[in-house]
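Everything on this sheet refers to the single structure shown next.
In what follows, chains carry the letters A, B, and so on, assigned in the order in which the sequence lines appear, proteins first and then strands, with residues in each chain numbered from 1.
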Amino acid sequence: MESKDYLKNINEIKDLMNKSSRFISLSGLSGIMAGIYALIGGAIAYWLVDNSGSDYLILDGRIFTLAMLDLFLIAFLSIITGIYLTTKKAKRNGAKIWDTTSKRLIINFIIPLLAGGFYILIILGQGKYGHTGALMLIFYGLALINASKYSFGNIRYLGYTEIILGLIAALLPGYGFWLWILGFGVAHIIYGTWMHFKYDKN
Amino acid sequence: MSIITNINKVFDHRIRLGIMSILMVNEYADFNMLKELLEATDGNLASHTKALEKADYIKVEKQFIGRKPNTRYSTTELGSMAFKKHIEALEKLINKQ
């Protein structure tokens, strides 16, 4: 064999290792959209609390229910948009949307996220809601880092950002809302834009 | 010692090299996953997995998922060591020129 054949071999090995272990079709645009939903949702929550006459949320109150609904709507829209844009991108790349790598990605993403979600619901039930924003950021960050082993595009760094913001939010409980906005809104938009121009634009 | 020494004959085929590369970064892969990634035919893939199995480089587990038979492959300790050596040898060979 010639050395250029060996070089071809090495390149093929690298390509197979990546293709077989990482899901490549995550869409950067869906990150941007998730950030925009978070900003809009955050604005709605801010408006809700601002017009409620008190500075804090009361559990079981109407405002609290609306705020939770707002939160679920953000998550729901983000997931739907993410699935839609990622499916579109996968089709364009001729990749499968539901294969071993995407299944691994989802499972590894969802385990820390569900653990965190249930934990937050449990402590909300106990009337401790001071750290909700911090916990959401931290568990979401852990989920991203856990999933990053199975995806392209360094979502690990977004994960680190979310965890750092979460810890700051835990230190400064009064600013939880603003750090949540920074983490779920601004960080998503910055990261999504970076991803979009690095991987999607071609 | 010649630089050719560590080039492993067992890996001297595109499909075998491919099977090993995939198994190096995944805990395991099943037959269909390998087939899709390598774009190989059933018979072709089967003969190459057999060769790697015979050399004790990969482990084969047959099981049933529901009623469908499913064959899983993973590397053995020996296999991943041999593969690493092979890659190092390839690298040296390329760098020499």
Side-chain angles (χ1 to χ4, degrees), chain A residues 1-26 86-112 143-157 159 199, chain B residues 2-40 45 48-49 52 57-58 65 70-75 79-80 82-97:
Chain A
M1 260 204 286
E2 301 270 319
S3 88
K4 73 170 190 301
D5 289 329
Y6 286 126
L7 202 63
K8 218 181 82 202
N9 271 345
I10 298 256
N11 280 331
E12 210 169 341
I13 289 168
K14 249 173 64 186
D15 187 48
L16 277 168
M17 283 179 164
N18 277 330
K19 223 167 48 179
S20 69
S21 64
R22 286 156 191 269
F23 184 66
I24 52 175
S25 300
L26 274 185
T86 299
T87 312
K88 230 173 77 177
K89 191 181 162 190
K91 262 194 197 135
R92 212 174 52 219
N93 291 345
K96 273 199 176 166
I97 178 80
W98 195 234
D99 60 5
T100 320
T101 52
S102 62
K103 273 182 219 165
R104 274 185 203 161
L105 177 72
I106 304 250
I107 289 167
N108 283 282
F109 178 65
I110 221 148
I111 289 172
L144 288 175
I145 290 171
N146 206 35
S148 71
K149 287 170 274 178
Y150 306 96
S151 77
F152 266 104
N154 300 325
I155 61 171
R156 208 167 2 115
Y157 298 117
Y199 297 102
Chain B
S2 154
I3 46 167
I4 300 291
T5 316
N6 282 326
I7 293 284
N8 194 327
K9 266 280 166 221
V10 181
F11 298 135
D12 210 358
H13 190 282
R14 200 198 130 247
I15 302 278
R16 292 188 200 168
L17 209 56
I19 295 167
M20 288 306 290
S21 330
I22 293 165
L23 294 181
M24 287 298 283
V25 288
N26 290 284
E27 211 179 313
Y28 58 84
D30 62 22
F31 194 83
N32 285 333
M33 181 180 168
L34 291 177
K35 209 175 101 179
E36 270 166 32
L37 284 164
L38 296 167
E39 288 161 10
L45 185 56
H48 287 301
T49 49
L52 289 170
Y57 286 173
I58 62 173
I65 294 180
N70 177 278
T71 313
R72 262 186 184 187
Y73 302 92
S74 52
T75 54
S80 63
F83 185 75
K84 275 181 201 150
K85 254 196 198 149
H86 180 74
I87 298 296
E88 272 166 27
L90 283 185
E91 252 168 9
K92 269 192 199 133
L93 205 62
I94 290 163
N95 288 336
K96 274 269 156 71
Q97 278 156 347

Side-chain contact test, heavy atoms from C-beta onward, threshold under 4.5 Å: evaluate it for A:Ile13 versus B:Phe11 and give yes or no. no
Under 4.5 Å from any heavy atom of chain B - which part of A:Ile10: side chain
Value for CD1 (B:Ile87) from NZ (A:Lys14), rounded to nearest 0.5 Å, stands at 11.5 Å
Distance-minimising heavy-atom pair for A:Met17 and B:Val25: O-CG2, 3.5 Å
May I have the step-by-step check of side-chain contact (heavy atoms from CB on, under 4.5 Å) for B:Leu38 and A:Leu16, ending in yes or no? CA-CA 8 Å; B:Leu38 296 167; A:Leu16 277 168; 3.6 Å; yes
With sequence neighbours excluded, give me every side chain to side chain donor-acceptor pair (under 3.5 Å) pair touching residues 13-29 of chain B. A:Glu12-B:Arg14, A:Ser20-B:Asn26, A:Arg104-B:Asn26, B:Arg16-B:His48, B:Tyr28-B:Arg72
Quick one: list whatever passes side-chain contact (heavy atoms from CB on, under 4.5 Å) with B:Lys35, sequence neighbours left out. B:Phe31, B:Asp42, B:Leu45
